[in-house]
Amino acid sequence: MFVRKLSIQRVDAGSVRHACPLRWIDNFAMRNFTNDAVFDDTLPKAEGVLEAGHRVPLARLQPAMEDWFRRKGYLKADERLEVLEMEK
């Protein structure tokens with residue numbers, strides 16, 4: 001089910017990438033477990049790593065995670081989120 005590994009990085013104002021803390025990723029995953037079925041096939045694994053099934057669209061995941069992280073106060077106004085599929 002979780003056949004893809006995704007890198008979840010916070011990009012700061014200086015364009016430096018930082019692995020998102022596992023608790024941030026877990027917080028998003030738990031919220032979406034009950035509110036948006038498209039993200040049910042996700043499993044937080046480690047700092048900056050989320051495993052996902054094929055039906056999880058990256059084009060929707062990145063803005064949804066970024067919006068949630070901003071609302072929680074995890075991302076500052078001059079920061080952004082980068083979600084990329086990792087090589088196997």
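From Leu6, atom CG reaches atom CG of Leu84 across 9.0 Å, with rounding to the nearest 0.5 Å. Atom-to-atom distance recorded for Lys45:NZ and Glu51:CD is 5.0 Å, nearest 0.5 angstrom.
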Exercise. Test Leu50 against Leu61 for side chain to side chain contact (heavy atoms under 4.5 Å, CB included), laying out the working first.
Key: CA-CA 11 Å; Leu50 177 70; Leu61 179 64; 4.0 Å; yes

Practice problem: Determine, step by step, whether Arg4 and His54 satisfy the side chain to side chain contact (heavy atoms under 4.5 Å, CB included) criterion, reporting the C-alpha distance in whole Å, the side-chain angles of both residues, the deciding distance to 0.1 Å, and the verdict. | Solution: CA-CA 7 Å; Arg4 297 160 61 200; His54 283 298; 3.7 Å; yes

Quiz prompt | Residue pair Phe28, Lys72: steps toward the side chain to side chain contact (heavy atoms under 4.5 Å, CB included) verdict | solution = CA-CA 10 Å; Phe28 173 83; Lys72 294 295 285 182; over 6 Å; no

Quiz item: Checking side chain to side chain contact (heavy atoms under 4.5 Å, CB included) for the pair Arg55/Asp40: CA distance, chi angles, key distance, verdict?
Solution: CA-CA 9 Å; Arg55 73 183 201 103; Asp40 283 355; 4.0 Å; yes

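Residue Ile25 comes nearest to Val49 through the heavy atom pair CD1-N, 3.8 Å, listed as atom of the first residue, atom of the second, then distance.
The side-chain heavy atoms of Ile8 and Met65, taken from C-beta on, include a pair separated by under 4.5 Å.
Taking the six-membered ring where the residue is Trp, Tyr74 and Trp24 present parallel rings, their angle staying beneath 30° rather than reaching 60°.
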Anything under 3.5 Å between a donor and an acceptor, one on a side chain of residues 16-23, the other on a protein residue two or more places apart or in another chain? List them.
{"residue": "Arg17", "atom": "NE", "partner": "Glu82", "partner atom": "OE1", "Å": "2.8"}
{"residue": "Arg17", "atom": "NE", "partner": "Glu82", "partner atom": "OE2", "Å": "3.2"}
{"residue": "Arg17", "atom": "NH1", "partner": "Ser15", "partner atom": "O", "Å": "3.4"}
{"residue": "Arg17", "atom": "NH2", "partner": "Glu82", "partner atom": "OE2", "Å": "2.9"}
{"residue": "His18", "atom": "NE2", "partner": "Asp12", "partner atom": "OD2", "Å": "2.9"}

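Among residues two or more places apart in sequence or in another chain, the side-chain hydrogen bond (donor to acceptor under 3.5 Å, both in side chains) test is passed with Arg10 by Glu79. Looking at residues two or more places apart in sequence or on another chain, you find a side-chain hydrogen bond (donor to acceptor under 3.5 Å, both in side chains) between Glu66 and Gln62, Arg70.
In this structure, Phe69 is a member of the same hydrophobic cluster as Leu58, with clusters built from ILVMFWY side-chain heavy atoms closer than 4.5 Å.
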